[in-house]
Amino acid sequence: MSNPTSTELTPIAAAEPDEAAVDSPEPPPAVVATGLALHGSRGLVYGPVDLVLPAASLLVVQGTQGAGRSSLLLTLAGRMVPDRGARLTVLGLDLPRARTQVQRRAAIAGFAGIDDLDESVRVSDLVRERLAWLTPWYHRVPPVTQRAFAAHASAVWGDRPIPRVGSMIWDLDEIDVMLLRITLAMAQRPDLLVVDDIDQVRDGVRRQFVWTRLEAIAAAGTTVIASVSSLGEAAAMSWVVPPQQLHLSTGPHAIAAA
């Protein structure tokens, strides 16, 4: 019987060793977690989670409302502190001791109340503001042109038309808002990208596009962890390489992992 407060990880078949692997040892995992859990004032938030996530891969965290998805993702990005006793290493750094170093290398997007976009500003203003945060104070950040924006956004948008920099945020489609939040996060050039609540893109076809772009980002070398509420989301989407899946099943209404 499944533990109603447990978190189960979809197993991945072990790869057969080959000569190339012998000559080029695999990089260390991006995330290693053992007994990772968090309790709040109302009880268990998530966990326990056991996880080994290879570098430059995609992890889909699936859990219903209240399953602790956002809190788990913020913990993995070094923004929240888990319960004592848990063992957590992210990008080779021990958490929570090395939170500052992890925060510098892990970018977040899609979190309500954290990276929400002001709808009354232009795309160029948001991009310039983010670049200013990432630039030494003694360097002036020039106005963002369409060409400069495309240089930052093309890896995220793929073959989808990139919005004009003069567009107001309230004029953007919901998928473009999500892609813009991811673009702003990627301006940090992170080793780990954490994206919450892909359900903000309500249409399944458009969510497929977002997943495809996140898969491409992972293939290019940035480890990606993204969350969604539907437990069947990963099975309903198409992938070049099936992602690793984590089903959060916290609380009395727990659903066993697929």
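Along the sequence shown, the residues carry numbers beginning at 1.
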Quick one: do Leu126 and Glu129 satisfy side chain to side chain contact (heavy atoms under 4.5 Å, CB included)? Show the steps, please.
CA-CA 5 Å; Leu126 283 173; Glu129 180 184 57; 4.2 Å; yes

Would Trp133 and Gln188 count as having a side-chain donor-acceptor pair, cut-off 3.5 Å?
no

Within the side chain of Thr75, is there an N or O that forms a donor-acceptor pair under 3.5 Å with the backbone of Val81?
no

Short question: side chain of Thr135, backbone of Leu131 - any donor-acceptor pair under 3.5 Å?
yes

Donor-acceptor contact below 3.5 Å, side chain Ser227 vs main chain Asp197:
yes

Under the 3.5 angstrom rule, does the side chain of Thr89 hit a backbone N or O of Gly92 as a donor-acceptor pair?
no

How far apart are the closest heavy atoms of Pro163 and Phe149, and which atoms are they?
O-CE2, 3.5 Å

Of the options Asp115, Asp196, Asp176, which is the one that meets Arg181 in a side chain to side chain donor-acceptor pair (under 3.5 Å)?
Asp115

Under 3.5 Å donor-acceptor, Asp199 side chain and Ser229 backbone:
yes

Over all heavy atoms of both residues, which pair between Glu215 and Val241 is shortest? Give the atoms and the distance, please.
OE2-N, 2.8 Å

Distance only, no hydrogens: is a donor on one side chain within 3.5 Å (strictly under) of an acceptor on the other, for Gln245 and Gln62?
yes

Starting at CG of Leu184, measure out to CG of Leu117 and round the result to the nearest 0.5 Å.
6.5 Å

Pairwise distance CD(Glu233) to CH2(Trp211) - rounded to 0.5 angstrom
6.0 Å

To the nearest 0.5 Å, tell me how far Ile108 CD1 sits from Ile114 CD1.
4.5 Å

Any Ser124 side-chain heavy atom under 4.5 Å of Arg164 side chain
no

Between Asp50 and Thr34: side-chain donor-acceptor atoms closer than 3.5 Å
no

What closest approach, in Å, do Val228 and Arg69 show between heavy atoms, and which atom pair accounts for it?
O-CD, 3.4 Å

Answer yes or no: is there a side-chain heavy-atom contact under 4.5 Å between Ile182 and Ile217?
yes

Might you work through the salt bridge (charged side-chain N to carboxylate O under 4.0 Å, His left out) test for Asp94 and Arg97, ending with a clear yes or no?
CA-CA 6 Å; Asp94 293 331; Arg97 182 176 57 84; 3.6 Å; yes

Ignoring hydrogens and angles, tell me if any N or O in the side chain of Ser154 forms a donor-acceptor pair with the backbone of Ala150 under 3.5 Å.
yes

d(Tyr46 OH, Leu248 CG) to nearest 0.5 Å is 9.5 Å

Would you say the side-chain atoms of Asp191 pair up with the backbone N or O of Arg105, donor to acceptor, closer than 3.5 Å?
no

Would you say Leu180 and Ile175 are hydrophobically clustered, going by side-chain heavy atoms of ILVMFWY under 4.5 Å?
yes

Side-chain heavy atoms nearer than 4.5 Å, only ILVMFWY residues, links allowed to pass through others: does that put Val90 and Leu72 together?
yes

Could you tell me which non-hydrogen atom of Ala185 sits nearest to which non-hydrogen atom of Ala107, and how far apart they are?
O-CB, 3.3 Å

Hphob cluster co-occupancy, Leu36 + Val60, side-chain heavy atoms under 4.5 angstrom
no

Would you find a donor on one side and an acceptor on the other, under 3.5 Å apart, between the side chain of Arg207 and the backbone of Arg202?
yes

When you look at Arg79 and Val102, which way does the side chain to side chain contact (heavy atoms under 4.5 Å, CB included) test go after all the steps?
CA-CA 9 Å; Arg79 269 71 172 181; Val102 170; 5.7 Å; no

ILVMFWY network linking Ile162 to Met178, side-chain heavy atoms under 4.5 angstrom:
yes

Supply the atom-to-atom distance Leu51 CG to Leu246 CG, rounded to the nearest 0.5 angstrom.
6.0 Å

Please determine whether residues Val45 and Phe111 belong to a single hydrophobic cluster, defined as Ile, Leu, Val, Met, Phe, Trp and Tyr linked transitively by side-chain heavy-atom distances below 4.5 Å.
yes

Does CZ belonging to Arg122 count more than 12 external heavy atoms closer than 6.0 Å?
no

Would you compute the distance between atom CG of Leu58 and atom CD1 of Ile225 and round it to the nearest 0.5 angstrom?
9.0 Å

Taking Gly68's backbone N and O only, do any of them form a donor-acceptor pair with Ser71's side chain (distance below 3.5 Å, no angle check)?
no

Does Val121 offer a backbone N or O that forms a donor-acceptor pair with the side chain of Asp125 under 3.5 Å?
no

Check Arg206 with Asp173, please: is the shortest side-chain N to carboxylate O separation under 4.0 Å?
yes

